[in-house]
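To keep things clear, I will list the structure first and then write my remarks on it.
Side-chain atoms are counted along with the backbone in the values below, which use heavy atoms only and exclude waters and symmetry mates. We name chains A, B, ... by the order of the sequence lines, and we start the count at 1 in each one.
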Amino acid sequence: MIGLILQIVRLATPYLFAAAGGTIAEQSGIVSLGLEGYMLAGACAAAFGSYYGGSVWSGVLCGAMGGAVFAAIHGIATIRFRADQIVSGIAINILAVGSTRFALRVAFGSSSNSPRVPGGASGLLEIAGLLSIFAVSAVIDRTRFGLRLRAAGEHPEAATSVGISVSRIRGVAVVASGILAGLGGTFLALDQHQFSDEMTAGRGFIALAAVIFGRWQPVRVGAACLLFAAAEAVEINLQGTSTIPSQFVAMIPYVLTIVALAGIVGRSVPPAALGKSGH
Amino acid sequence: VKALLSVLAGALLALVVGDLLILGVGQSPAEVYRLLLEGTWGNPYGFAQVIYKATTLTFTGLAVALALRAGLFNIGAEAQLALGGFAASVMGLALPHSIPAPIAITACVVAAAFGGAAGGAVPGALNAWFGANEVITTILLNFVVLFFLNWVVTAHLHVPETVHTPAFTNGTVPRLSAFIPAFRGSAANVIVILAIGAAIVTGWFVFRTRYGYQLRAVGLSPDAAEAAGIVPARVRVATFTLAGALAGMGGTNFVLGYKHYYEDGFSGGAGLIGIAVALAGRAHPLGIILAALAFATLSQGGLAIHALVPKQMADILQGVVILAIAIASRQRS
């Protein structure tokens, strides 16, 4: 039983980080289709940091920064230049796949994976992943910044009229989402002691599904991450003996989220100004 | 003019990023760009490959554009394309050899359209009747559909040791190299004519018919359309279904014209690039064809320069161009 719980937490860690980040960005009004890209960039940067820096910690630092850089691109495009948030998010994902492949090729002459890099710190990152959900929850619900963040996501005009800089709030939120998602990718790379092409394999989208399924409420979002990870854990443990094909288990997060969106069991309603410019 | 300027700005930005990447790996930008052009528009094979890639992108671009005209964002062309290709291959496998080729080909194209239409109808209905945001449902459905097709193919229909269905013979279409020998080796095939036809028919439908007028009315102002007696929900479902059919027909380019089987993952991002094609082409048929050619050139050009610069540079440039397109298509305030 404890083994199963540990396995679920382990599988959930990338989701928890990225979904915590997605929650904070979406609550501020910025659509987070790029979570997958931040995570992939974070995983790649972590492997590079760990390889060249020779320690896990340089990997963690670079991983967080890798996610932050791609989130900053999304932030600059959507906040400063008012780019369409959905299209920008798609661009970020394509950009992340291309850049990480390019980097692999140039640095290691490989199109599939990096050499073995110093890794580990998995236990610490797992705890940090769980804590990140509570940290985001505390920031959103209990701080002045959180109040302003929600104002930026729900009523940007009202927020502006009382002197809150919606652009700055959203900028901070989107970079924070990049750092968190980047750490999710970092966990993957350091846990496996390497970066491999497209190693995030859609985990950023599962995290996004968790944000929506959890109705943009951090603790619910965290629970959704654990639920999705639990389904995966059950599938892994039953491999071979189960009559349900693995592809159907893999669909669970997406199908549940579609059902939630359609309001069949309680509708999930996004922040009012999500995807809209702040001016 | 503003549209043209933003396209130029995007191209310029991509050029600058491209220069930096090329210089970063110690090559000369002029040499690399020369190779890129030579490997695409500069020789018959490269040109035919651009045509081949642009064919699929024209279909997915039309699928996104049609929905855009009705005020809907179709991120699901990826899944609709895969469903269309899968349906075409199943039809091809099911048809007896005795059926004349023109009928078999038509049946496969219609199957592709229906496969894609099914993929479009679901998010259309979820949007119209349940109010579920179509951007999110199409993204999520992409995964559901691709996992489902992966299961069908790997569990029931694949050739051992592969991830594709058996090949079929009746229902396939000739490659362009059958008419133009210089195109030998290229996958370009006569489906390109279907793509151009689809662009013309879609343009006629949107701009010249009553249904197209209703569709645009819903896109411009659902409230005004409703006041004029149009039922927006019905228009949205119909539009999304037709958009799916367009993307689905794109699957015939690979299945009927190239491999003659459905292969897991054949869509390879063409559905997502279709979003960029539709936006860069201003949701207009001619613009879409030009944008499809441009993105196809970038993709094929990446292969041509691989000896000097990793071909992944093309992916990066694609991302940069799409980012520029995102900036050009400002968000709603």
Side-chain angles (χ1 to χ4, degrees), chain A residues 31 33 37 73-74 77-78 80-106 111 156-157 202 205-206 208-209 212 245-251 253-255 257-264 267-268 270 274-279, chain B residues 17 21 24-25 73 75 122-123 125-127 129-152 154-155 269 272-273 275-276 279 302 306 309-333:
Chain A
V31 180
L33 293 193
I73 297 174
H74 183 55
T78 57
R80 170 70 184 79
F81 294 105
R82 299 176 66 183
D84 185 280
Q85 299 188 7
I86 293 154
V87 183
S88 172
I90 291 166
I92 292 295
N93 289 334
I94 292 175
L95 210 51
V97 172
S99 318
T100 53
R101 281 187 184 158
F102 191 85
L104 262 186
R105 188 87 219 170
V106 170
S111 51
E157 294 84 4
F205 287 101
I206 294 188
L208 182 66
I212 298 162
S246 64
Q247 290 92 340
F248 285 76
V249 177
M251 285 179 201
Y254 307 111
V255 172
T257 306
I258 291 169
V259 169
L261 266 175
I264 295 164
R267 181 181 299 282
S268 100
L274 185 61
K276 300 192 171 113
S277 81
H279 322 278
Chain B
V17 174
L21 290 175
V25 295
F73 218 155
I75 317 286
V122 173
L126 286 171
N127 174 284
W129 294 321
F130 295 95
N133 181 311
E134 82 283 2
V135 172
I136 300 172
T137 54
T138 47
I139 290 171
L140 300 173
L141 280 168
N142 279 342
F143 288 96
V144 175
V145 166
L146 295 177
F147 279 124
F148 175 75
L149 290 177
N150 177 271
W151 170 72
V152 176
T154 55
L272 289 179
I273 305 297
I275 298 163
L279 291 169
H306 196 49
V309 186
K311 63 170 187 278
Q312 290 77 13
M313 187 181 100
D315 298 338
I316 299 180
L317 296 189
Q318 231 160 36
V320 172
V321 172
I322 296 173
L323 199 60
I325 291 169
I327 291 171
S329 36
R330 293 286 179 97
Q331 49 197 311
R332 308 132 287 172
S333 56

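Taken to the nearest 0.5 Å, the CD1 atom of B/Ile136 stands 8.0 Å off from the CD1 atom of A/Ile86. With values rounded to the nearest 0.5 angstrom, A/Arg105 atom CZ is found 4.5 Å from B/His306 atom NE2.
With a 4.5 angstrom heavy-atom cutoff, B/Leu323 touches chain A via backbone and side-chain atoms both. When heavy atoms are compared at a cutoff of 4.5 Å, B/Phe73 approaches chain A solely by way of its side chain, counted from C-beta outward. Contact of B/Val321 with chain A is not made at all, since no heavy-atom distance falls under 4.5 Å. Residue contact with chain B, scored on non-hydrogen atoms closer than 4.5 Å, is absent for A/Leu104. In this structure, the portion of A/Ile73 lying under 4.5 Å from any heavy atom of chain B is its side chain and not its backbone. Heavy-atom distances place the side chain of B/Val135, and not its backbone, under 4.5 Å from chain A.
Ranked by heavy-atom pairs under 4.5 Å with chain A, the first of B/Leu272, B/Val144, B/Val309 is B/Val144.
A/Gln247 places a side-chain heavy atom less than 4.5 Å from the side chain of B/Thr154. In this structure, B/Asp315 and A/Phe102 have side chains that are not in contact, with every pair of non-hydrogen atoms separated by 4.5 Å or more.
Of all heavy-atom pairs spanning B/Gln312 and A/Ser111, the tightest one is NE2-CB, 4.5 Å. Smallest separation of non-hydrogen atoms from B/Ile316 and A/Gly98: CG1-C, 3.5 Å. The two residues B/Gly319 and A/Ala91 have their closest heavy-atom pair at O-CB, 3.6 Å. B/Phe143 and A/Gly202 make their closest contact through CE2-CA, 4.4 Å (heavy atoms, listed as atom of the first residue, atom of the second, distance).
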Run B/Phe130 and A/Leu261 through side chain to side chain contact (heavy atoms under 4.5 Å, CB included) and show every step you take. CA-CA 8 Å; B/Phe130 295 95; A/Leu261 266 175; over 6 Å; no
For side chain to side chain contact (heavy atoms under 4.5 Å, CB included), just list the numbers for A/Asp84 and B/Ile325, CA-CA rounded to whole Å, side-chain angles, deciding distance to a tenth of an Å, and then say yes or no. CA-CA 9 Å; A/Asp84 185 280; B/Ile325 291 169; over 6 Å; no
Kindly indicate, with the supporting measurements, whether the criterion side chain to side chain contact (heavy atoms under 4.5 Å, CB included) is fulfilled by A/Ile90 and B/Ile75. CA-CA 10 Å; A/Ile90 291 166; B/Ile75 317 286; 4.0 Å; yes
Show your reasoning for whether side chain to side chain contact (heavy atoms under 4.5 Å, CB included) applies to B/Leu141 and A/Tyr254. CA-CA 7 Å; B/Leu141 280 168; A/Tyr254 307 111; over 6 Å; no
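Under the ring pair (Phe, Tyr, Trp, His ring centres under 6.0 Å) criterion, B/Phe147 pairs with no residue, sequence neighbours left out.
Checking B/Ile139, B/Asn142, B/Leu140 one by one against A/Phe205, the side-chain contact (heavy atoms from CB on, under 4.5 Å) holds for a single residue, B/Ile139.
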